[in-house]
Structure formats: C-alpha cells, structure tokens
Amino acid sequence: MNAADLPPDIAHAALASDALLAAVRAIAQGPLATQADAIDRQGDYPDAVLRQLGAIGAMGAHLQAPHGRGDYGLAIQAMAEVSRVCGATGFMVWCQAVCGLYLEQSRNPALTGELLQRHASGAGLGGTAMSNPMKSYALIEPLALKATPVAGGYVVNGSLPWVSNLGPGHYCGALAQVVQADGSSTRDVMFLLRCDAPGVELRDCPSFSAMEGTGTWGLRLKDCFIGADEVMAEPAKPWVVGIRAAFVMLQCGMAFGLVQGAIDSMRAVEPQLGHVNQYLDERPDDLQAELDALTARVMALARTPFDSSSEFFIDVADARAHGAELSLRAAQSALLHQGARGYLLSSDVQRRVRESHFVAIVTPAIKHLRKEIARLSAEEMPK
Amino acid sequence: MSEAALPSAVARAVQALAPWRQYICHACGYVYDEATGDPDSGLMAGTRFDDIPDDWSCPLCGVTKADFSPYSAPQALLADRDSGASVGTAAAACPTRAMQGRRGAPGVLIVGAGRAGWALAEALRAGDANLPITLVTACAGDRYDKPMLSVAMARGIAPDALVKERGADAARRLRVRLLAHTQAVHICTGTRTLRSTRGTLRYGTLVLAHGAQAALPPALPAALCWRINHLGAYQRLRAALGDAQTSGAREVLIAGAGLIGSELANDLALGGHRVTLLDLQATPLARWDAALAGTPLLQAWRDLPIRFIGGVSVRGVDAVGTRLRVTTACGQRFAADHVVAAAGLATPSRLARSAGLAWDGGIAVDADTLATSDARIHALGDCISIRGQASRFIEPIGRQVRTIAAHILGGAPVPYDASTSSVRVKTGSLPLTLPALHAA
C-alpha cells in the first residue's frame with residue numbers, strides 16, 4: 001500500500017513511524033554495528049550511540065505526548081532494530097524505555113517535567129532495579145531494599161547484585177519495603193534512585209557470559225535518603241500491577257530483533273550451504289513465519305499496555321516467554337547454519353547465542369513467566 | 001454344565017451363592033455393583049442385576065438398563081501378550097513409548113483431564129496401541145465422578161474417597177503422557193503447537209475438553225465465594241465446613257438454585273448444615289416447570305434445614321468479622337459462615353480465542369463431527385456449544401467420544417446426535433429424572 005493512499009493524518013503518522021525506524025536502522029547498522037563486538041566482550045559502554053538514539057526519539061516512542069507518540073508497538077519495533085545488531089544495546093534501550101515509563105507513570109511533578117524530558121531525549125540515561133521486586137511479587141525471593149520512614153521521606157538500606165544502564169550521573173527506578181520501628185511492614189515504596197546520591201555505591205560485578213558493556217553494577221545503599229521529590233508510587237505494589245504489562249511487553253523488542261538477526265545470518269549462507277543446511281530442524285522460513293505471527297500478536301497487545309487485568313498479563317507474559325524461547329531456538333539454529341564461521345569469537349552469530357541466553361533469563365525469566373501464569377490462572381477461592 | 005441345564009431350584013441356589021458381579025454403563029462408565037445396589041432407586045444392597053426392573057435407569061446419566069454390560073476391573077497394563085513380556089518389564093519399557101521426538105508424529109493432544117478427556121484417552125488407546133496421546137491438565141488429573149459431589153455428604157463418602165483412580169496411575173495404565181498441574185495457555189495454529197506452563201507441545205490433532213467454570217457475577221467476589229465445579233475446590237469446601245456432628249452445623253448460603261445449587265443444598269442439609277438457597281426465580285430448578293421440579297422439591301425439603309428464597313438477586317457479599325453478610329437488591333440481608341456461588345457455568349475462552357476458533361457461548365463445533373472451525377481441533381464436553389447451545393451433562397460425553405475417536409482413528413465416521421433425552425437430578429431427598437432442557 002502506498003502511504004499516499006492513506007487518510008492524511010494516518011499517512012503522516014505512518015510516515016513518521018517509518019521514518020523513525022529508518023533512522024534507528026541507520027544508527028544500528030552504522031556506528032553501532034562497528035562497536036557491537038567491543039560492547040559485548042570488552043565492556044565498552046555505547047554512550048554516544050545511546051545519546052543518538054535518544055535524540056531521534058527511539059527510546060521514548062511509547063511515552064505520551066509531548067515526550068513521545070504513546071505508541072508501544074513502535075517502541076518495540078525500534079528496540080528490535082537495535083537488538084538485531086547488538087543485543088546489549090537493545091537491552092539498554094529497554095532499560096531506558098522502562099525507566100521513562102516509571103517517570104511518566106509516577107505522576108510526580110518533580111519527575112514528569114524537565115527530568116522526564118531530558119530522559120526522553122537521551123540527555124539523561126537511566127535503568128531499572130526492579131528485577132528483585134518483580135521476583136518478590138512472584139513469590140520467588142524476598143525484597144532486598146528496606147526503607148525506614150524519617151522526617152521528609154525515607155532512609156534506604158540494602159544491596160542489589162546487578163543493575164544495568166547505570167553510571168555516574170545515571171539513575172534508576174527502585175523499590176523498597178517500608179519497615180516501621182517495630183519491624184512491621186505494610187507497604188512498599190517505589191522511587192527514583194540517583195547513582196550520585198550520598199549513600200549510593202556502585203560496585204564492580206563479576207564478568208558475565210555476554211553483554212559486558214551494559215553499564216551493569218552492583219548497587220549498595222547505606223542510609224540513602226529518599227525525599228518526596230524522588231517518590232514514584234506509594235504503596236508501590238498496586239502501581240506495579242498497573243504497569244507490569246507495559247514493562248514486560250516492551251522487552252519483546254529485544255527478542256524480536258535477536259530472532260531477526262539470527263534469521264538474517266541463516267539466509268546469508270543459504271547460497272553456499274543451503275544444500276546441507278536443508279537437513280537442519282529450524283529453518284529460516286519457518287522461523288520467520290513464527291516470528292511474524294508472534295510480532296502480530298504483540299502488536300495487538302501493544303494497543304492496551306495499561307490493561308492491569310490478570311487475563312491480559314497472562315497473554316503478555318506468554319508472548320514474552322514465546323519470544324524468549326524463539327530467541328534460544330533461532331540463535332542456536334543460526335550457529336548450526338553457519339558452522340565454524342559463526343563459531344569465531346569475532347562473529348555476531350556466536351555472540352547472539354549468548355545474548356539469547358540473556359533474553360531467556362533476564363527478569364522475568366521463562367521460568368518466572370510460567371510460574372506467574374500458573375499463579376494467575378488458578379481460581380481464587382476463600383481461605 | 002451351564003446353569004440353564006440344572007433344575008431351576010438348584011440353579012437359583014447356585015446363582016445366590018455366586019460372587020457379586022459388576023456391570024458398567026456404556027454411556028458414562030458408572031459401575032453398578034451388586035454388592036452395594038442402588039438404594040436411591042430402591043435397589044437394596046445385594047440386588048442382582050438380572051433382578052433389576054427394566055425401567056431402572058443409570059443413576060449418573062439416566063440411560064436404560066439395556067445400556068449396561070458385565071464389567072471387570074481394568075488390567076494394570078496392556079501387557080504385550082505376544083512377546084510374553086510380564087507386567088513389570090512392560091511397565092519399565094513403556095514410559096517413553098508414547099513420547100514423541102521433535103520429528104516423531106506428534107499424535108493427539110487433549111486439554112483437560114475430566115471425564116471427557118480421560119474417556120477420549122481410553123477410547124483412543126483401546127483403538128490404537130501405539131498412538132501418542134498427551135493429556136494436559138491444570139489439576140492433578142485424578143479421576144472421579146462429578147455427580148457424586150452432589151451426594152457425597154449424605155452418603156458419608158469422605159472427600160478423599162471420591163478419587164476413583166489417581167491421574168498418574170491412569171496415565172501409566174493407558175500409556176498416556178500426563179502433564180498435570182500444567183496450564184494450557186495459547187494455541188499457535190501456524191505451528192500446530194500448544195503453549196503451556198511446562199513447555200510447548202506439538203499436536204497432530206488437538207482436542208479441547210477443558211470444561212466450563214462457575215460464572216461469577218460482580219456481586220459474588222472470588223475471594224469470598226466457593227465454586228465447586230471440580231473436586232479440588234469441593235474438597236477444600238468440605239474441609240472448611242467440617243463435620244456437622246462433630247464440629248457443629250454451619251450456615252451456608254448458596255446463590256443460585258439451578259442443578260448444582262439445588263443438589264448441593266440438599267446434600268449439605270442432609271449432612272446437618274443449615275442452608276439458605278437464593279435464586280432469581282420463584283422456585284428451584286426453574287428451568288423446568290415448577291409442577292415438575294421446583295414444587296415437589298420444596299415439598300421434599302419441608303423437614304430439612306433449607307430456607308429457599310426466590311425472586312431475589314444478590315447485590316453484594318462482605319466479610320464481617322469471621323462471617324459473611326449477603327445483601328440482596330431488595331435490601332434483605334443474610335449472615336452465613338460460607339457462601340457458594342452456583343450462578344451458572346461459562347466456558348473460558350482464552351484458548352479458543354488464541355486459535356481464532358468460532359465461538360457461540362462456548363467453542364462452536366459442528367453438530368455431526370464435533371470439529372471446531374479449525375480442521376485439526378475438535379472439542380467435547382462442557383466447553384462446547386452446538387448451534388448456540390451448551391449441553392453440560394454426563395450422558396452425551398460417551399457418544400461424543402465415539403464420534404471423535406472414530407475420526408482420529410480413521411474408522412467409519414460415527415455422526416454425533418446432539419439430542420439428550422433426560423437428565424438425572426441428584427437431589428438426595430427427591431432424585432428426579434427430567435427432560436433435557438438447556439439453561440437460558
């Protein structure tokens with residue numbers, strides 16, 4: 001269909017979306033592609049690329065106007081274009097995007113004004129320390145951060161092992177259990193944590209299998225003061241239930257890009273190796289069909305990102321799990337398709353295998369998603 | 001020498017000394033045991049099958065005596081007689097026999113391990129010893145007769161004793177792969193896979209037998225109202241109620257006096273608990289003419305602790321201290337220890353929607369073949385709808401199984417006939433056999 005055949009305002013929006021994706025592709029396949037290996041293995045943090053992506057609105061398409069277009073589908077597709085080239089940077093795009101979601105949904109004027117604007121444009125960079133709280137709400141582990149009420153706010157203590165897209169001048173969304181003097185706790189508080197705040201220490205992490213350049217640090221908080229200007233939600237739990245679908249749905253961009261990149265790798269060797277690759281189980285045409293069907297499923301879900309019902313979240317969680325499973329299968333199949341050439345350390349094909357492991361285990365991991373689906377599917381009964 | 005050749009007095013004596021025999025209902029699998037009889041129908045323990053009057057009908061599903069045949073309990077395993085393998089070694093060899101590899105034929109995948117799912121698995125295995133069959137169920141997959149939930153208290157059947165066969169045992173016996181405690185989440189028709197909370201399963205043919213759930217109107221909150229559409233929930237309610245004799249009678253309010261509500265009300269009252277039964281209509285079992293059903297039932301309940309209030313609708317249920325308060329739209333208030341929601345059944349739609357299946361108040365299936373709008377997917381039992389009508393009774397299931405099994409096994413087609421003649425209402429004080437009508 002020709003854009004000229006569409007009604008004018010839709011045509012304009014469609015062109016704008018296409019233009020954004022084209023611009024993202026140009027950055028991804030240009031400056032990002034040359035750095036992908038160094039980001040993965042040497043731990044180079046792609047600061048300049050992230051700023052460029054921010055400047056064109058690639059990390060804020062989901063935010064409401066004026067900071068974005070309120071289009072979750074577009075945000076996912078933009079993330080996919082990045083992930084297709086570099087899974088680590090795709091992940092950081094997600095960290096930035098979800099932090100923007102927290103800021104916007106906080107409805108705290110101290111956070112939704114200039115700070116959100118800087119964030120949406122990439123002038124400010126930030127991430128999310130929500131892996132532990134998400135696991136805690138799924139009854140997988142206890143909350144790590146504790147907040148003690150004091151005059152004007154809270155004093156927070158605790159540590160988190162791995163939080164990404166952090167650094168000097170960065171910030172993240174975090175959640176702590178509010179503990180009273182008598183040790184009791186009735187609620188949680190969600191807040192903005194600035195890496196430069198007093199009492200916040202960024203600690204070196206051990207090396208990971210992949211994606212070293214994701215600005216991942218251990219966070220140790222010692223008597224860190226949080227005031228009203230930093231509070232995003234209190235009580236935090238119902239607020240998190242309201243944004244959980246958007247949080248998880250955005251991650252699909254990482255999987256989609258990775259799978260497309262794997263398919264590209266398979267097609268690249270079809271002329272020389274098609275005669276032997278035909279004996280492999282997972283072939284590019286089938287994987288492409290499965291990816292396209294899953295993308296359509298998620299694009300439909302992306303129309304209502306703030307549906308807080310359990311039914312909707314089950315759907316989102318399952319689509320996210322499918323993306324993770326497809327990532328594992330596609331990345332491994334691409335390696336089988338390419339053979340030794342793909343096994344070289346310098347090859348994006350074996351890098352993508354390690355990135356696919358990340359997609360499968362980053363919170364919520366496949367097992368976490370299935371546990372949540374089981375929990376939410378069970379009929380609630382009287383005690 | 002046959003019994004018929006003996007002088008009749010001797011023959012009768014021989015027969016009287018013979019061991020108790022069992023007979024199985026073709027339609028629903030109910031086993032009539034001569035040793036226990038069927039007291040509800042006036043057949044005392046020890047009543048020989050041959051002595052049962054011809055107008056007797058199956059207490060579970062209502063079919064006639066002619067639909068029964070002699071029955072012996074199932075063998076532990078379908079041992080390979082030709083090879084002479086013993087039961088033990090066959091069991092050891094069997095676990096992977098019905099498994100499928102990535103490239104192997106995926107076989108039949110059944111969602112739901114209630115009566116319909118298991119009956120289909122039995123029929124398929126009986127017709128094909130090697131067909132891979134997988135059963136996915138959110139519960140444990142234990143086999144039980146749901147109609148017994150309506151009479152268990154009065155008959156003194158302990159909730160645990162309701163399980164006829166453990167799911168794992170049935171799976172071993174039938175060489176079926178059972179994925180219990182596994183939620184089926186999404187059907188991908190493009191790849192012919194079912195996504196579940198324990199992984200993704202391929203199917204050659206998919207059969208949906210997941211049943212219906214109790215409908216919960218907004219006035220009846222899930223956290224405060226019991227729904228007893230399956231054994232697990234029923235067992236929990238029984239545990240919460242306790243025994244009326246030992247821990248005291250409880251006050252139970254049942255919202256909805258249809259089949260389930262009326263049967264449960266009767267059983268709880270016979271068990272010594274005090275029941276308040278509410279309904280929108282003026283009489284219980286209002287689907288039928290009051291003269292036929294509701295009025296005689298209320299008569300039979302005259303001396304039981306059942307208070308029926310018709311013409312009311314529940315506006316809300318609130319927890320007040322350790323008890324519950326139920327308020328109606330017209331301002332009446334009732335206190336209760338427990339509230340049971342019996343306001344009708346509805347088929348959950350997520351799986352059907354994920355496959356884009358035609359839907360009409362249930363999974364729409366062809367009246368003759370029970371195929372859904374997807375040629376690879378069939379459906380049976382409480383989850384289906386034929387020409388816009390759900391039919392949630394026991395008796396049709398056996399016939400639905402025969403239709404689908406014939407299709408899957410590749411035999412001559414067995415068209416399904418959707419007409420059901422009668423329904424057994426298991427209200428203990430007045431069991432009724434009524435013409436099959438469908439809920440509005």
Side-chain angles (χ1 to χ4, degrees), chain A residues 138 259 278-283 285-298 300-301 309-330 332-333 336 360 364-383, chain B residues 101-103 138-139 180-200 210 213-214 216 220-230 232-237 239-241 252 317 319 322-324 336-341 348-351 353-356:
Chain A
V259 174
Q278 65 171 313
Y279 291 98
L280 289 171
D281 293 42
E282 305 256 38
R283 294 282 280 148
D285 286 348
D286 294 332
L287 291 167
Q288 188 72 62
E290 193 173 337
L291 174 63
D292 292 346
L294 180 60
T295 303
R297 182 182 177 192
V298 171
L301 296 171
S309 68
S310 296
E311 268 303 298
F312 185 72
F313 187 62
I314 288 171
D315 220 344
V316 171
D318 184 60
R320 163 75 172 93
H322 191 173
E325 293 158 26
L326 189 55
S327 296
L328 293 170
R329 289 164 42 213
Q332 176 162 281
S333 188
L336 300 180
I366 292 174
K367 58 191 182 180
H368 174 157
L369 292 160
R370 290 183 184 170
K371 182 177 202 266
E372 273 295 84
I373 292 170
R375 183 179 72 87
L376 293 170
S377 298
E379 284 190 281
E380 189 188 2
M381 286 282 176
K383 299 275 173 287
Chain B
R102 272 216 66 79
R103 277 298 190 219
C139 67
H181 306 294
T182 301
Q183 186 72 35
V185 185
H186 188 96
I187 300 168
C188 294
T189 50
T191 49
R192 277 192 235 126
T193 50
L194 173 76
R195 298 183 50 73
S196 81
T197 50
R198 293 200 200 267
T200 299
H210 56 68
Q213 278 178 333
L216 261 190
L220 302 174
L224 300 178
C225 302
W226 295 95
R227 287 89 70 204
I228 50 137
N229 196 43
H230 59 85
Y234 175 80
Q235 287 172 331
R236 286 177 58 181
L237 170 62
L241 279 173
V252 183
V317 179
T322 55
R323 305 195 83 211
L324 296 165
D337 298 308
H338 298 280
V339 172
V340 178
S349 65
R350 188 192 321 119
L351 277 186
R353 269 187 288 114
S354 72

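The basis for the numbers below is simple: all heavy atoms, side chains too, and nothing from hydrogens, waters or symmetry mates. In this text, all values refer to a predicted model and were calculated from it rather than measured experimentally. Each chain gets a letter, A, B and so on, in the order the sequences are listed, and its residues count up from 1.
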Report yes if some heavy atom in the side chain of A:Leu336 is under 4.5 Å from a heavy atom in the side chain of A:Asp281; otherwise report no. no

Applying side-chain contact (heavy atoms from CB on, under 4.5 Å), run through B:Gln213 and B:Arg227 and close with a yes or a no. CA-CA 8 Å; B:Gln213 278 178 333; B:Arg227 287 89 70 204; over 6 Å; no

Is it the backbone or the side chain of B:Cys225 that comes under 4.5 Å from a heavy atom of chain A, or both, or neither? backbone

State whether the number of non-hydrogen atoms from other residues, nucleotides or ligands found under 6.0 Å of A:Gln332 atom CD is greater than 12. no

Of all the heavy-atom pairs spanning B:His181 and B:Thr197, show the shortest one and how long it is. O-OG1, 4.5 Å

Part of B:Ala223 within contact of chain A (heavy atom distance under 4.5 Å): both

Chain A contact via B:Ser354 - which portion, at a heavy-atom distance below 4.5 Å: neither

Mind checking whether B:Val317 and B:Pro221 have side chains closer than 4.5 Å, heavy atoms only? yes

Can you list the residues of residues 375-383 of chain A that sit under 4.5 Å from chain B, counting heavy atoms only? A:Ser377, A:Glu379, A:Glu380, A:Met381, A:Pro382, A:Lys383

For chain B, find its close neighbours in residues 313-321 of chain A: heavy-atom separation under 4.5 Å, sorted by number, or none. A:Ile314, A:Asp315, A:Asp318, A:Ala321

Tell me, with the steps shown, if B:Val339 and B:Leu224 meet side-chain contact (heavy atoms from CB on, under 4.5 Å). CA-CA 7 Å; B:Val339 172; B:Leu224 300 178; over 6 Å; no

Could you tell me whether the side chains of A:Arg297 and A:His322 share a donor-acceptor contact shorter than 3.5 Å? no

Check whether B:Arg198 gets within reach of chain A through its side chain, its backbone, both or neither, counting any heavy atom under 4.5 Å. backbone

Largest heavy-atom contact set with chain A, pairs under 4.5 Å, which of B:His186, B:Gln183, B:Arg236: B:His186

